[in-house]
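For reference, the structure is listed below as structure tokens.
Naming convention: chains lettered A, B, ... in sequence-line order (proteins, then strands); numbering from 1 in each chain. Hydrogens, waters and symmetry mates play no part in the numbers below; they use all other heavy atoms, side chains included.
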2 protein chains.
Amino acid sequence: MKKDTTTVRELSRDEARLAAMLKALGNPVRFRMMKYLAERPMCITGDMVVFTALAQSTVSQHLKVLREAGLIEGEIEGPATCYCIHAEGLQFLKDRIQQWLPECCQPEADDREANCCQETS
Amino acid sequence: MKKDTTTVRELSRDEARLAAMLKALGNPVRFRMMKYLAERPMCITGDMVVFTALAQSTVSQHLKVLREAGLIEGEIEGPATCYCIHAEGLQFLKDRIQQWLPECCQPEADDREANCCQETS
DNA sequence: TTTTTATATCGTAAAAATACGATAAAACAG
DNA sequence: CTGTTTTATCGTATTTTTACGATATAAAAA
């Protein structure tokens with residue numbers, strides 16, 4: 001008998017990357033940092049410190065999380081570090097979210113009464 | 001002089017909803033639960049307990065987080081509770097992510113050399 | 001009614017995330 | 001070289017999240 005791998009299967013490489021991105025964006029501070037960074041071509045750590053009104057070490061930590069999730073990239077620019085959106089990473093996020101859970105959300109006109117969850121709203 | 005509201009502005013209602021969804025999905029257990037639920041029209045809490053191999057109370061807690069984030073909906077079905085994907089919520093997530101950070105990720109052929117962050121990969 | 005089944009909630013322990021100050025490192029100015 | 005600027009990392013305190021067992025609730029079965 002074939003083992004059911006649909007339930008216990010681990011996340012694929014891409015799914016793990018998507019999950020990591022979602023985790024990074026799950027924090028409200030980092031969410032706002034991404035939004036802030038998206039509104040300009042780049043910024044340095046100090047700008048983020050002013051924007052978030054958090055300690056410099058805290059901001060540096062958050063930037064590290066975003067960078068390791070592949071959402072931003074930093075480049076040392078003299079004494080400062082210049083951050084910008086990682087375009088490829090963000091595109092990956094958008095694509096994957098769009099493709100994610102494709103089986104659902106289709107208002108197919110099949111035996112809906114067999115399901116217990118109708119849209120009530 | 002007009003105050004700069006672009007930096008300190010709070011999140012809008014929709015942005016807050018998106019952030020809450022991302023936070024809910026940021027947990028790997030809940031991420032997999034969503035994936036599991038998307039593969040079938042619905043399931044009950046007990047199915048999730050088997051799937052995740054976690055304590056029933058823990059699963060119930062995670063389901064609550066997903067429900068409060070508007071990603072799933074639960075309906076009491078006799079002694080059990082039947083959960084399914086909240087189609088509207090998931091569509092909202094997809095739409096918002098797609099529209100999010102629209103200013104970036106465009107490979108416009110303008111003064112790129114002025115920026116410090118070139119795509120190096 | 002009593003028992004069983006399925007779930008939600010409560011209280012709490014353990015783990016993880018978050019925030020801070022202090023310190024280290026690296027580039028540049030004087 | 002010395003001092004300044006900017007950032008990353010370290011150690012640690014606080015907060016939040018996660019997970020569990022115990023208990024409460026509600027529907028259905030016996």
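We find that CG of B/L63 is positioned 13 Å from C1' of C/dA6, with the value rounded to whole Å. Distance A/Q61 CD to D/dT15 P: 17 Å, rounded to the nearest Å. Rounded to an integer number of Å, the gap from A/E75 CD to C/dA27 P is 13 Å. Rounded to an integer number of Å, the gap from A/L66 CG to D/dA8 C1' is 15 Å. Following rounding to the nearest Å, B/I44 (CD1) and C/dA8 (P) show an atom-to-atom distance of 10 Å. Atom C1' of nucleotide D/dT5 and atom CG of A/D47 are separated by 14 Å, given to the nearest angstrom. Rounded to whole Å, the distance from CD on A/E68 to C1' on D/dA8 is 12 Å. In this structure, NZ of A/K64 is placed 7 Å from C1' of D/dT9, rounded to the nearest angstrom.
Listed pair B/T58 / D/dA19 fails the phosphate criterion, with no side-chain N or O lying under 4.0 Å from OP1 or OP2. Taking 4.0 angstrom as the limit, A/Y83 places none of its side-chain polar atoms (N or O) nearer than this to OP1 or OP2 of D/dT6. OP1 or OP2 of D/dT18 sits under 4.0 Å from a side-chain N or O of B/R30. When the side-chain nitrogen and oxygen atoms of A/S60 are compared with OP1 and OP2 of D/dT9, none of them lie within a distance under 4.0 Å. Contact between the side-chain N/O atoms of A/S57 and the OP1/OP2 oxygens of D/dT7 is not found at any separation under 4.0 Å. In this structure, A/N27 reaches the C/dT18 phosphate: one of its side-chain N or O atoms is under 4.0 Å from OP1 or OP2. For C/dA19, the OP1/OP2 oxygens have a side-chain nitrogen or oxygen of A/H62 closer than 4.0 Å. Within the 4.0 Å cut-off from OP1 or OP2 of D/dT17, at least one side-chain nitrogen or oxygen of B/K23 is found.
Stacking of A/R40 on the aromatic ring of A/Y36 is recorded, both the 6.0 Å distance cut-off and the 45° axial limit being met.
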Take A/R17 and A/E88, measure what salt bridge (charged side-chain N to carboxylate O under 4.0 Å, His left out) needs, and give me the verdict at the end. CA-CA 13 Å; A/R17 188 184 179 192; A/E88 187 273 327; 3.1 Å; yes

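Within the nucleic acid shown, B/T81 comes within 4.0 Å of sugar-phosphate atoms alone, with no base atom in reach, counting heavy atoms only.
Nearest-nucleotide positions on DNA chain C place A/A53 closer to the 5' end than the other of A/P79 and A/A53. Toward the 5' end of DNA chain C, the nearer of the two residues A/L54 and A/G78, judged by each one's closest nucleotide, is A/L54.
Side-chain polar atoms of A/Q91 and A/D95 form a donor-acceptor pair below 3.5 angstrom.
Just one residue in the list B/R67, B/M42, B/M48 forms a side-chain contact (heavy atoms from CB on, under 4.5 Å) with B/Y83, and that residue is B/R67.
Formation of a donor-acceptor pair under 3.5 Å by the B/K35 side chain with backbone atoms of A/W100 is not found in this model.
A donor-acceptor contact under 3.5 Å is formed by the side chain of A/Q56 with the base of D/dA8.
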